[in-house]
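Step one of this worksheet: look at the structure below.
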4 protein chains.
Amino acid sequence: MYSFKNDYSEGAHPRILNALIESNMTQEEGYGNDTHTKNAISKIKTLIGNQNIDIHLISGGTQTNLIAIGAFLRPHEACISANTGHIAVNETGAIEYTGHKVITVDSNDGKIIPEKIQEVLNSHANEHVLKPKLVYISNPTELGTIYTKEELKDLSEFCKSNDLILYADGARLGSALCVKKANVTLSDMCNFTDAFYIGGTKSGALLGEALVIKNENLKEDFRYHLKQKGALLAKGRILGIQFEELFKDNLYFELANHANEMANLLTEGLREANCKFLINSPTNQIFPILENKQIENLEKKFSFYTWEKIDDNNSAVRLVTSWATPKESILEFIDEFKK
Amino acid sequence: MYSFKNDYSEGAHPRILNALIESNMTQEEGYGNDTHTKNAISKIKTLIGNQNIDIHLISGGTQTNLIAIGAFLRPHEACISANTGHIAVNETGAIEYTGHKVITVDSNDGKIIPEKIQEVLNSHANEHVLKPKLVYISNPTELGTIYTKEELKDLSEFCKSNDLILYADGARLGSALCVKKANVTLSDMCNFTDAFYIGGTKSGALLGEALVIKNENLKEDFRYHLKQKGALLAKGRILGIQFEELFKDNLYFELANHANEMANLLTEGLREANCKFLINSPTNQIFPILENKQIENLEKKFSFYTWEKIDDNNSAVRLVTSWATPKESILEFIDEFKK
Amino acid sequence: MYSFKNDYSEGAHPRILNALIESNMTQEEGYGNDTHTKNAISKIKTLIGNQNIDIHLISGGTQTNLIAIGAFLRPHEACISANTGHIAVNETGAIEYTGHKVITVDSNDGKIIPEKIQEVLNSHANEHVLKPKLVYISNPTELGTIYTKEELKDLSEFCKSNDLILYADGARLGSALCVKKANVTLSDMCNFTDAFYIGGTKSGALLGEALVIKNENLKEDFRYHLKQKGALLAKGRILGIQFEELFKDNLYFELANHANEMANLLTEGLREANCKFLINSPTNQIFPILENKQIENLEKKFSFYTWEKIDDNNSAVRLVTSWATPKESILEFIDEFKK
Amino acid sequence: MYSFKNDYSEGAHPRILNALIESNMTQEEGYGNDTHTKNAISKIKTLIGNQNIDIHLISGGTQTNLIAIGAFLRPHEACISANTGHIAVNETGAIEYTGHKVITVDSNDGKIIPEKIQEVLNSHANEHVLKPKLVYISNPTELGTIYTKEELKDLSEFCKSNDLILYADGARLGSALCVKKANVTLSDMCNFTDAFYIGGTKSGALLGEALVIKNENLKEDFRYHLKQKGALLAKGRILGIQFEELFKDNLYFELANHANEMANLLTEGLREANCKFLINSPTNQIFPILENKQIENLEKKFSFYTWEKIDDNNSAVRLVTSWATPKESILEFIDEFKK
């Protein structure tokens with residue numbers, strides 16, 4: 001039974017485990033002051049091409065979102081998210097727990113556009129409603145779609161001219177950056193946002209996300225927030241070692257690229273067999289529409305989530321590939337689909 | 001340069017890394033629903049001798065404290081801690097961030113006694129002050145001292161009869177349980193408290209603490225709180241695998257025992273050389289009082305924290321041993337001290 | 001220039017001011033322990049016909065909502081509101097500040113029905129999303145509509161069978177209870193909800209709302225929450241005196257009835273002159289649709305809020321009457337409209 | 001039975017009630033946008049001699065403290081208070097509920113000095129502990145003592161040079177300003193602090209405190225915080241009218257002066273009869289030490305709080321005078337004491 005449920009079903013890429021082993025018995029400072037964390041941060045800064053940014057390594061995505069947004073906003077400020085945004089639907093009110101409302105705007109493809117933000121601004125103009133202050137996007141989105149360079153630029157300019165913070169959730173960022181036609185680089189992510197994070201957990205690490213803060217106003221005292229929310233690991237080294245390895249010899253992008261290729265292969269195979277899709281996704285999450293009977297059959301050999309009812313006979317399912325997905329599993333799925 | 005700064009300077013015990021490697025490519029469910037986590041929980045329940053408890057694996061100690069206390073208390077309720085308690089002095093107001101005051105009581109040895117709690121209850125008797133509801137203890141304490149079985153029993157009875165929750169921070173619990181004269185077992189910890197946690201990070205794991213909830217009223221919906229505070233790791237397996245290994249063949253206690261033995265050896269060696277101590281600690285943190293000049297000398301070969309000024313010429317330092325401390329480093333330190 | 005902007009443009013009904021004067025120099029206990037507060041609470045209990053309820057007098061509506069909801073919910077629980085609900089749109093994220101998400105459901109008339117709640121429950125079934133726990137309704141709604149006895153009963157039964165708290169915002173409750181065809185009494189409000197409040201500020205008092213808690217589980221320690229959120233007035237007597245007077249000789253309902261009558265008169269007058277309405281409201285807020293040009297003209301003599309754009313030439317406005325609205329102002333408005 | 005329990009036992013000064021009556025039927029804007037609030041604010045600005053300050057009228061002291069401190073601090077920042085401070089002991093954890101710790105420093109007289117603040121700064125120097133950011137003082141203190149101009153200046157300079165916000169709770173500010181030897185004016189309060197409030201509730205108003213914000217960085221968006229915490233009264237006029245009257249013809253200071261004079265008269269009378277005091281208070285709260293038997297006797301004719309046990313036979317009591325205290329009650333108390 002092969003699982004396409006998500007991209008965190010396996011442990012870590014072997015090179016990462018190896019790095020943990022090799023460094024294991026060296027004594028290091030705690031709480032992220034170790035040499036590996038410093039080295040990882042240095043590598044990422046160089047890759048981004050900006051030494052004037054702050055980078056913090058954090059255990060997981062929800063934790064990164066809640067700490068960043070909680071630190072960036074004052075009590076009366078709110079964030080804006082697509083109605084499909086992870087913070088809006090899948091984090092058990094983590095943002096609200098920090099005291100901030102997530103104002104959602106409708107989106108068909110998981111993306112958010114300036115016009116929708118403007119509507120929120122128009123209806124939030126005095127002290128009887130919250131002050132929208134941060135725009136949350138995810139790239140790729142929760143539907144596998146991605147922002148083009150142009151779209152990011154537009155969002156960035158809109159946010160700047162409206163004094164809004166632009167924050168990007170990059171849980172699967174590698175996957176977005178490896179889509180060539182989008183033409184978005186790590187440097188672009190940094191240039192166009194005030195802060196964003198580079199996901200590790202879903203890209204071959206055991207755990208870990210790298211939060212990048214560019215906006216000078218958002219940097220101050222950030223480690224206090226990490227500690228206060230329980231995110232400053234005593235053995236911070238385990239995050240450092242992993243990101244050090246991920247950004248050595250391009251490993252991070254190789255893994256993301258593999259995940260994309262497997263998803264593309266699966267998409268093509270299903271398309272050839274006349275399968276329709278809920279949405280066009282160039283990344284490692286795809287959403288084919290299957291007959292319910294077919295789903296039942298496929299579930300005998302594969303596990304995956306049914307995403308959305310289309311009509312009485314059909315549903316969209318979500319298939320997720322990863323750095324660890326073997327080509328054979330893709331081909332088997334296509335074969336099984338064709339039957 | 002050998003570091004006695006803390007018990008989280010190295011990575012993980014080799015058996016733990018090995019377990020991570022062996023399980024690495026098997027696909028598992030996410031968010032703590034994997035087979036390893038289930039197995040680890042089952043082992044701990046058996047060891048405690050109580051199947052009717054809930055166990056949750058969490059990344060770190062501050063995170064465990066803030067989630068547990070935040071979940072257990074209603075908004076108008078407060079916790080009581082020794083003035084040396086970790087939640088009172090070293091967690092950047094994590095508990096206050098959840099909205100709850102930490103009321104401190106004076107303590108010379110890091111422990112808290114019913115009389116001190118009673119004083120707090122006496123001065124908190126109406127709605128103009130908070131309602132004390134939870135007593136926080138750490139075992140061992142932040143000063144390395146431990147509670148005897150009798151002391152835990154007294155605290156437990158006092159709390160029960162005053163409708164107070166007794167919660168124990170066990171960041172270094174193994175070390176306390178391995179002190180024979182205290183005569184406290186994992187079962188006792190469970191019997192005498194409403195909830196407590198078994199520390200992994202400082203006992204040979206890469207990261208991870210096992211929160212045990214016995215009180216029926218505190219169990220409900222706990223996974224919601226984990227998710228909301230960003231503590232439900234996508235690859236929860238990495239916590240499960242580590243605790244599975246720690247509680248196989250007594251590894252957890254072997255490691256704690258080693259740490260204690262190294263600390264005891266160090267204590268004896270220093271005592272023989274007429275060294276005085278700030279406090280008597282039978283666990284893996286000891287607090288010798290050294291001449292400032294001596295400290296300067298020792299710092300050339302060892303790193304450690306100066307804890308407290310005693311007078312103009314003397315200070316107490318903190319020396320921490322761990323599962324990884326080699327006997328030679330102990331002997332070297334003693335030698336160097338004698339010079 | 002007469003204002004139909006709201007029902008809190010004037011001070012208090014003269015009888016209330018008189019009561020303040022008469023009681024002024026008597027020394028009373030502070031913080032709601034005065035004889036007037038006790039007397040007011042006793043009167044309301046008798047009127048409701050239930051001695052086994054708790055009543056707390058609080059300064060304003062937003063404050064009442066945030067304290068009640070903040071006290072009733074645990075951190076991982078959320079409330080459900082119509083998308084027009086005051087807590088969802090007009091309280092500057094007060095509920096989110098207490099850490100709780102307001103999940104909104106679409107509503108055309110400001111009311112919420114069991115089917116919509118069921119949809120929320122269906123999509124909130126595990127720990128990755130919040131646990132819906134409280135249903136917030138307002139009666140009358142923010143659109144002036146009201147719940148019938150049957151509708152309240154249905155909601156009540158649905159909530160009970162789904163372990164949901166039903167909470168009613170009664171900022172203008174008098175106005176709802178005075179609509180005869182709805183056939184809802186103060187006792188019904190108490191029977192069908194777990195808690196609700198009786199608005200004073202918009203019904204002739206200087207300030208003050210009376211929160212009624214029937215559900216036994218929600219009563220405990222409530223005064224702690226009042227104090228913690230700054231709602232326990234030192235001179236609590238000023239709330240007690242006002243509610244004492246409002247519930248003497250039926251004054252509360254007389255005032256609400258007057259407000260309704262004035263609104264009905266206005267509605268009839270405008271209808272006769274062929275005016276259409278955004279919604280049918282039997283209470284003291286009405287929403288006629290006017291030509292923009294007409295609005296401009298009317299604004300020379302009256303002040304009121306433009307509520308919603310209908311099309312390029314027409315907008316709905318909101319006209320609010322109160323205990324203080326003179327019949328002449330109504331007639332003048334109709335006259336002016338007819339011109 | 002005359003009560004010396006507090007200075008909020010009666011209603012309001014008759015001139016205030018009169019002002020409410022006279023303005024009652026005029027329609028005004030809601031939420032503090034009325035003419036009276038604007039006029040009151042203008043009067044206070046003139047009195048302070050600074051037009052470049054923001055003033056907000058709020059219902060009560062705890063509410064003012066929690067909104068101001070909650071708005072001024074970021075999540076990882078803490079406040080420092082004397083251990084006798086109202087926010088530390090008598091507000092049911094209102095500040096902690098906003099997420100901020102109140103770090104207390106020992107004080108015998110209710111006052112706080114730079115040396116004590118420096119000690120806190122010394123022990124709070126990294127991200128494992130909170131960042132102290134605001135110093136809370138009360139003037140007069142909870143023990144009736146006051147700060148001299150020199151002491152305020154010292155505190156002010158210390159705070160400025162350490163980047164700390166100085167905030168003063170002026171629940172009984174009038175009483176402090178009327179002590180001639182202290183030589184502190186309303187302008188001084190403004191000059192030496194970043195923000196402070198002028199208490200109305202304990203100085204003859206039904207309710208109301210005027211928060212003055214001088215520090216430019218603390219002013220922005222403050223009304224959002226008021227609304228979010230439920231403090232923006234629909235009929236904000238009732239606060240405006242009262243402060244308008246209090247600052248007409250020096251009424252505020254006349255009332256405070258009367259309270260002080262009555263307290264001084266009582267102090268002198270008791271001193272002449274050889275009574276000792278817990279502390280020297282020049283304001284309207286005094287703390288004579290009485291024999292327990294004497295207390296019992298006096299309680300037959302007067303009500304007051306026993307403050308603190310001195311020894312087995314003696315206790316300090318708290319006697320509070322106010323704008324409403326008649327001279328005869330003072331003389332009666334002295335007579336009764338002498339018996």
Side-chain angles (χ1 to χ4, degrees), chain A residues 1-3 5-14 17-18 20-21 23-31 34 58-67 70 90-94 96-98 171 201-202 205-207 223-235 237-238 241 303 324, chain B residues 1-3 5-14 17-18 20-21 23-31 34 58-67 70 90-94 96-98 171 201-202 205-207 223-235 237-238 241 303 324:
Chain A
M1 172 84 76
Y2 186 81
S3 169
K5 270 182 161 177
N6 56 53
D7 33 17
Y8 42 83
S9 292
E10 291 84 2
H13 187 271
L17 286 184
N18 206 46
L20 287 172
I21 292 165
S23 61
N24 193 50
M25 293 308 291
T26 314
Q27 291 190 309
E28 292 280 355
E29 291 291 310
Y31 301 110
D34 61 283
I58 304 176
S59 295
T62 296
Q63 198 180 42
T64 304
N65 289 336
L66 79 90
I67 296 174
N90 248 327
E91 301 190 352
T92 318
E96 284 84 2
Y97 182 74
T98 70
T201 307
K202 292 168 179 169
L206 288 175
L207 81 168
R223 277 173 61 85
Y224 284 86
H225 299 283
L226 292 175
K227 177 65 188 166
Q228 187 177 60
K229 275 77 182 181
L232 219 48
L233 294 183
K235 293 180 180 168
R237 62 192 290 154
I238 65 164
I241 292 162
S303 61
Chain B
M1 171 84 78
Y2 187 80
S3 168
K5 270 182 161 176
N6 57 52
D7 32 17
Y8 43 83
S9 293
E10 290 85 3
H13 188 271
L17 286 184
N18 206 47
L20 287 171
I21 291 165
S23 60
N24 193 49
M25 293 308 291
T26 314
Q27 289 190 309
E28 293 279 354
E29 291 291 311
Y31 300 110
D34 61 283
I58 304 176
S59 295
T62 297
Q63 199 181 41
T64 304
N65 289 337
L66 80 89
I67 296 174
N90 249 327
E91 301 189 352
T92 318
E96 284 82 2
Y97 183 75
T98 71
T201 308
K202 291 168 179 171
L206 288 175
L207 81 169
R223 277 173 60 84
Y224 284 84
H225 298 284
L226 291 176
K227 178 65 188 166
Q228 188 177 59
K229 274 78 180 180
L232 219 49
L233 294 183
K235 293 181 180 168
R237 62 194 289 155
I238 64 165
I241 292 162
S303 63

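Not measured: the values here are computed from a predicted model. The chains referred to below are lettered A, B, ... by the order of the sequence lines, with proteins before strands, and numbering in each begins at 1.
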Exercise for the section: Report the distance from atom CD of A/Glu10 to atom CD of B/Gln27, rounding to the nearest 0.5 Å. Expected result: 4.5 Å

Handout entry: Per-residue contact mode, A/Leu17 against chain B (heavy atom under 4.5 angstrom)
Key = side chain

Problem - Under 3.5 Å: donor-acceptor pair, side chain of B/Arg237, backbone of A/Ser9 - result: yes

Exercise for the section: Heavy-atom distances under 4.5 Å only: say whether B/Thr26 touches chain A with side chain, backbone, both or neither. Expected result: backbone

Handout entry: Flag side-chain contact, heavy atom, 4.5 Å: B/Leu232 against A/Thr62
Key = no

Handout entry: Side-chain donor/acceptor of B/Asn6 to backbone N/O of A/Gly30, under 3.5 Å
Key = no

Practice task
Name all residues meeting the side-chain contact (heavy atoms from CB on, under 4.5 Å) criterion together with B/Glu96; count only those two or more places apart in sequence or in a different chain, and write none if there are none.
Solution key: B/Val102, D/Glu96, D/Lys101

Handout entry: Expected output: side-chain B/Lys235 to main-chain A/Ala205 donor-acceptor under 3.5 Å
Key = yes

Practice task
Return the minimal non-hydrogen interatomic distance between A/Leu233 and B/Ser59, and the atom names on each side.
Solution key: CD2-CB, 4.2 Å

Exercise for the section: Report yes if some heavy atom in the side chain of A/Tyr97 is under 4.5 Å from a heavy atom in the side chain of B/Thr98; otherwise report no. Expected result: yes

Problem - Side-chain heavy atoms of A/Leu207 within contact of B/Leu207, under 4.5 Å - result: yes

Problem - For chain A, the option from B/Lys202, B/Met1, B/Glu28, B/His225 that forms the most heavy-atom pairs under 4.5 Å - result: B/Glu28

Handout entry: Heavy-atom side-chain contact between B/Glu91 and A/Gln228 under 4.5 Å
Key = no

Practice task
Check whether A/Ala231 gets within reach of chain B through its side chain, its backbone, both or neither, counting any heavy atom under 4.5 Å.
Solution key: neither

Handout entry: Heavy-atom closest contact (A/Lys229 atom, B/Gln63 atom, distance)
Key = O-CG, 4.5 Å

Problem - Under 4.5 Å from any heavy atom of chain A - which part of B/Asn65 - result: neither

Practice task
Would you mind telling me which of A/Gly93, A/Gly60, A/Ala324 has the largest number of heavy-atom pairs within less than 4.5 Å of chain B?
Solution key: A/Gly93

Handout entry: A/Lys5 bridged to B/Glu29 by N-O distance under 4.0 Å
Key = yes

Handout entry: Nearest atoms (heavy-atom pairs only) where A/Ala234 meets B/Thr201
Key = CB-CG2, 3.9 Å

Fill in the blank from the handout: Answer key: most heavy-atom pairs under 4.5 Å with chain B among A/Leu206, A/Asp34, A/Asn18, A/Thr92 is A/Thr92

